[in-house]
S.K.: 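Input: one structure, supplied below.
Only a predicted model underlies this, so the values are computations on that prediction, with no experimental measurement involved. Every chain is numbered from 1 and lettered A, B, ... according to where its sequence line falls, protein lines coming before strand lines.
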Amino acid sequence: MAEVYEVTVWTRGVSMDKEGRDVVSALAKAADREGKFVQAFDNYEDLPDRVGVPVRKYARISDEEIVMRYNYENENPDVVVIVDAALVKGVNVLRGMKRGGVLVVNTNRSPEETLKFIPNKDTLGAIACVDADGIAGRATVDFSGTEGGVDASGLGAGIAAPLAGAVAKATGVVNLESLAAVVANREALKRGYEEVVVKTI
Amino acid sequence: MFKIPKEREVPFGGIVPAPVGENRMMVTSNWRTYRPVIDHEKCNMCLNCFLYCPDACWHEDEAGEKMVWNADYCKGCLICVSECTTEALSPAHELDFEAGVVRLEKLF
Ligand code: SF4
Ligand code: SF4
């Protein structure tokens, strides 16, 4: 089977749920425009309808058709994105990560400061810190787009835009142009791409 | 009357063993981004935080002289901060503190 590139996003239930979902949707849609096979999904395992609870969102990108039946979780992510930096204290966010993976964190702290809270950092190939809150303002609290509803505020209107930009810069899995075609806040997307601080480990 | 055989009995509450005090299997501190920090000088022991906290995370110490915060179960809703009568409580970002790492492998 072809290599499947796995993106796992850690976010918080309700308050930042849409932002997490927007990151995986934006990356998947952008990769789709580049002719890749993609999936973007979440599941109910983390019981996401509780404010602040750590929850995950997933994307898969591949050059060939993705055949992963009955597997609703990315078991070996290549990239892990942290929508709220405080999550690194509460969960082993690198669980299952492939060696040389990339961790992208929404924080105004430096990579060194953030790494203090990651004891298993040896797995990482790089850490990327981007001040998505600072670039796009606080997380959009918006239920639209949830459970099949119409997404009124658009994909990547909030902090998801700079985070997706940071992922593009740090990993190269999609390019900025294809992201710009799907993300609502292009300015924030571009700033995330340009301002992200990447540290190779 | 229908009787459940002894070996098929399920504890009340089912999945998580009912806690006597705190349930170590349901630590919820990783829900919070900000934690409330108390300034004991300003606190007048009005007990508003104790009354309003939805997670019972504030209580008096044994001498009844100061308020004690429970770091393991505070979800960081900051209701206590807005209900405090003396502005003794203020929010601080979780990453400003080295302690309080739970790092769960599995959420449940
Ligand atoms: S922040 Fe919320 S959960 Fe934490 S102590 Fe205050 S009221 Fe309780
Ligand atoms: S609400 Fe404020 S003043 Fe009242 S007991 Fe709690 S910390 Fe002290």
S.K.: Are the side chain of A:Lys89 and the backbone of B:Leu95 linked by a donor-acceptor contact shorter than 3.5 Å?
M.R.: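 Flag not set: sc A:Lys89 to bb B:Leu95 has no pair under 3.5 Å.
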S.K.: Counting neighbours of OH on B:Tyr52 that are heavy atoms of other residues, nucleotides or ligands and sit closer than 6.0 Å, is the number greater than 12?
M.R.: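 No - once you tally the heavy atoms of other residues, nucleotides and ligands closer than 6.0 Å, there are 12 at most.
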S.K.: Please classify the contact between A:Ile118 and chain B as side chain, backbone, both or neither, with a heavy-atom cut-off of under 4.5 Å.
M.R.: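 Just the backbone, heavy atoms under 4.5 Å.
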S.K.: Measure distances from A:Val93 to the heavy atoms of chain B and classify the residue's part below 4.5 Å as side chain, backbone, both or neither.
M.R.: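 For A:Val93, neither part sits under 4.5 Å from chain B.
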S.K.: Are A:Arg12 and B:Thr33 close enough that some pair of their side-chain heavy atoms sits under 4.5 Å apart?
M.R.: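 Side-chain contact under 4.5 Å: yes.
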S.K.: Under 6.0 Å from the NZ atom of A:Lys29, do we count more than 12 heavy atoms belonging to anything else shown?
M.R.: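 No, the 6.0 Å shell around NZ holds no more than 12 heavy atoms from other groups.
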S.K.: Looking at B:Asn30 and A:Pro54, what are the two nearest heavy atoms and their distance?
M.R.: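 It is O-CG, 3.6 Å.
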S.K.: Taking atom CG of A:Asp84 and atom CZ of B:Arg32, what is their separation to the nearest 0.5 Å?
M.R.: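 Here the rounded value is 12.0 Å.
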S.K.: More than 12 foreign heavy atoms under 6.0 Å from CD of B:Glu41: is that the case here?
M.R.: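 Result for CD/B:Glu41: open.
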S.K.: Can you confirm whether more than 12 heavy atoms, excluding those of A:Lys121, are under 6.0 Å from its NZ atom?
M.R.: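 Yes.
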S.K.: For a quick test of reading the model, state the closest non-hydrogen atom pair linking B:Phe97 to A:Phe117 and the distance between them.
M.R.: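 Closest heavy-atom pair between B:Phe97 and A:Phe117: O-CE2, 3.6 Å.
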S.K.: Determine whether more than 12 heavy atoms belonging to other residues, nucleotides or ligands lie under 6.0 Å from atom OH of B:Tyr73.
M.R.: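 Yes, because the 6.0 Å sphere around OH of B:Tyr73 holds more than 12 heavy atoms from other groups.
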S.K.: Is there a side-chain contact between B:Glu94 and A:Val88 in this structure, where contact means two heavy atoms from C-beta onward sitting under 4.5 Å apart?
M.R.: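 SC-SC contact between B:Glu94 and A:Val88 ruled out.
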S.K.: Is a side-chain donor or acceptor of B:Lys75 paired with a backbone partner of A:Val53 at a separation under 3.5 angstrom?
M.R.: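 Such a contact is absent between B:Lys75 side chain and A:Val53 backbone.
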